[in-house]
Amino acid sequence: MASSTARAQIGVTGLAVMGSNIARNFAKHGYTVALHNRSVGKTDALLAAHGDDGDFVRTETITEFVAALEKPRRVLIMVKAGEATDAVISELADAMEPGDIIIDGGNALYTDTIRREAALRERGLNFVGAGISGGEEGALNGPSIMPGGPAESYESLGPLLESIAAQVDGTPCCTHIGPDGSGHFVKMVHNGIEYADMQLIGEAYHLFRAALDLDPKQIADIFTQWNSGDLESYLVEITAEVLNQVDAKTGKPLVDVIVDAAEQKGTGRWTVKSALDLGVPVTGIAEAVFARALSGSRGQRAAAKDLASGELAAKPTDIAQFTEDIRQALYASKVVAYAQGFDQIAAGSAEYGWNLTPGDLATIWRGGCIIRARFLNRIKEAYENDPALPSLILAPYFRSAIETAIDSWRRVVATATLLGIPVPAFASSLSYYDALRADRLPAALTQAQRDFFGAHTYERVDAAGKFHTLWSEDRSEVEAG
Ligand code: NBP
């Protein structure tokens with residue numbers, strides 16, 4: 001019988017960087033961990049290097065792996081997202097029993113998770129799509145974990161996940177997010193926000209270099225200083241470290257010998273595609289995804305190098321003032337990017353009936369993950385004070401922060417434009433803010449045009465119902481049926 005050997009509380013299959021570090025994290029927290037990898041070499045390498053971290057059970061086949069687990073069995077899959085995940089789920093599902101729990105900790109597309117959860121539910125198995133953020137280091141020392149799936153499985157799984165997650169003020173950076181694909185959905189938006197945050201930091205850096213002629217070391221010092229204020233965050237912290245790094249081969253700043261073409265694995269693109277489907281403007285995230293795409297269009301960029309710049313303005317002379325302007329612009333644009341990300345989460349929640357709690361997400365993103373930041377405490381408070389907040393920008397704290405930043409924000413976007421320095425995320429965030437607060441938008445004209453060429457109808461400001469102008473007849477107005 002399996003009972004004599006079924007002693008592991010959790011199994012991890014897929015022992016590349018992420019899986020092996022999470023397995024070690026579980027073991028360090030006193031759990032017995034069954035180990036499995038498609039090729040046994042990775043399992044043995046992990047045991048050889050870190051077997052002393054805790055109690056591991058080495059297995060070679062899925063049958064042995066499943067037999068090593070206490071019931072209800074809990075298996076965490078950490079393989080390459082996509083087809084590999086389906087292959088592993090299929091093998092596991094055949095070997096497991098009703099009531100067992102399969103957790104996918106990979107970066108799955110949330111619609112795949114919805115599909116997988118439904119299929120496994122039919123077979124009596126619990127499937128939990130869990131977003132995990134924090135990279136290699138987080139996996140080992142405490143990631144932020146976003147598990148979706150059935151609430152019942154969280155009862156058995158929650159204590160394990162919460163114990164290995166990052167902790168902030170005694171609160172684990174892990175909570176049950178909601179049903180089926182919700183965990184992977186919020187992880188996707190988290191990554192989208194990460195794209196926006198990185199792009200905004202990149203634009204700030206670019207302005208320091210191109211508008212103020214500062215060198216990477218000087219800019220690193222500014223980011224270090226910023227990291228002790230409102231902008232305190234993992235990304236600002238590592239930006240200072242990166243900018244301080246000197247290339248051993250050339251003696252130049254490392255950032256100057258790296259090709260300026262940013263790659264992407266796809267979660268930013270997923271976020272934007274989903275936002276388009278949901279009809280939510282995530283302009284900060286979209287600009288960040290497009291900025292990476294543009295940077296990678298190396299042939300086009302080389303061909304366009306000599307395009308006219310127009311007459312460029314003089315560079316700012318008050319370096320301290322412009323530095324403060326950039327700080328304010330970064331903060332305000334960041335508020336916009338997060339506000340948009342939380343709007344997308346609310347829209348996804350409504351679309352799929354997930355009933356998500358935005359404040360919980362801000363809480364579990366405070367530690368472990370790439371977007372961890374002091375700022376998230378403020379978001380948590382904002383949603384605690386008003387769970388039905390129409391936009392994060394309207395929370396009194398952020399409203400007042402933007403009011404303080406607004407003149408600087410405008411100066412930065414205007415100056416960058418006059419100097420020919422691209423600031424797509426700063427500029428579009430400011431435009432979003434201006435559009436959101438506008439009394440009237442040109443959308444009225446859009447509606448009239450749509451009605452002109454397609455009889456799409458419009459609403460009036462002074463009467464209920466839908467109307468159509470007979471554009472190709474006598475241009476009188478009729479009420480649409
Ligand atoms: P990878 O994404 O590089 O995947 C490698 C693992 O997948 C190996 O264990 C490999 O087994 C296994 N695998 C593959 Br490839 N095809 C398989 C198949 N058909 N059947 C069974 N196993 C298969 O590993 P990672 O970078 O550790 O990431 C793991 C997951 O975590 C991914 O979904 C990733 O998106 C996600 N994630 C990564 C990070 C990060 O910072 N890297 C952060 C958050 C989430 P083998 O050894 O036999 O080839």
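Small disclaimer: the values here were computed from a predicted structure and weren't measured. Whatever order the structure lists them in is the order used to number ligands and atoms, beginning at 1.
Within the model, atoms CE of M78 and OG1 of T85 stand 9.5 Å from one another, a figure rounded to the nearest 0.5 Å. One distance of note links OG1 of T113 with CZ of F127; it measures 5.5 Å at 0.5 Å rounding. To the nearest 0.5 Å, the span separating OG on S182 from CD1 on I114 amounts to 8.5 Å.
In this structure, of D86, T85, I77, N37, the residue bringing a heavy atom nearest to atom 11 (O) of ligand 1 is N37. Comparing N107, N191, L15, I370 by heavy-atom distance to atom 34 (C) of ligand 1, the nearest is N107.
Counting protein heavy atoms under 4.0 angstrom from atom 3 (O) of ligand 1 gives zero.
At the top of the distance list for atom 30 (C) of ligand 1, counting protein heavy atoms only, stands V79 O, 3.5 Å. Of all protein heavy atoms, the one lying nearest to atom 26 (O) of ligand 1 is V17 CG2, 3.8 Å. For atom 21 (C) of ligand 1, the closest non-hydrogen atom of the protein is V88 CG2, 3.4 Å. Considering only non-hydrogen protein atoms, atom 14 (C) of ligand 1 sits nearest to R38 NH2, 3.7 Å. Of the protein's non-hydrogen atoms, the one nearest atom 48 (O) of ligand 1 is S39 OG, 2.7 Å. The shortest contact between atom 24 (O) of ligand 1 and any protein heavy atom is with A16 CB, 3.4 Å. For atom 38 (C) of ligand 1, the nearest protein heavy atom (residue, atom name, distance) is M18 CG, 3.4 Å. Protein heavy atom nearest atom 44 (C) of ligand 1, with residue, atom name and distance: I132 O, 3.2 Å.
Exactly one of K217, Q225, Q218 qualifies for a side chain to side chain donor-acceptor pair (under 3.5 Å) with D221. That residue is K217. Screening Y338, F375, Y433 for a ring-ring contact (aromatic ring centres under 6.0 Å, His included) involving F398 leaves a single residue, F375.
Judged purely by atom type and a 3.5 angstrom limit, N25 uses its side chain to pair as donor or acceptor with the backbone of I164.
Near M78, meaning under 4.0 Å from any of its heavy atoms, are these atoms of ligand 1: 29 (C), 31 (O).
Ring planes of W226 and F208: tilted class, angle from 30 to 60°. Using cut-offs of 30° and 60° for the angle between ring planes, the H36 and F65 rings count as tilted.
Note: an N/O pair closer than 3.5 Å links K80 and ligand 1 by distance alone.
A side-chain donor from one of D180 and W354 sits under 3.5 Å from a side-chain acceptor of the other.
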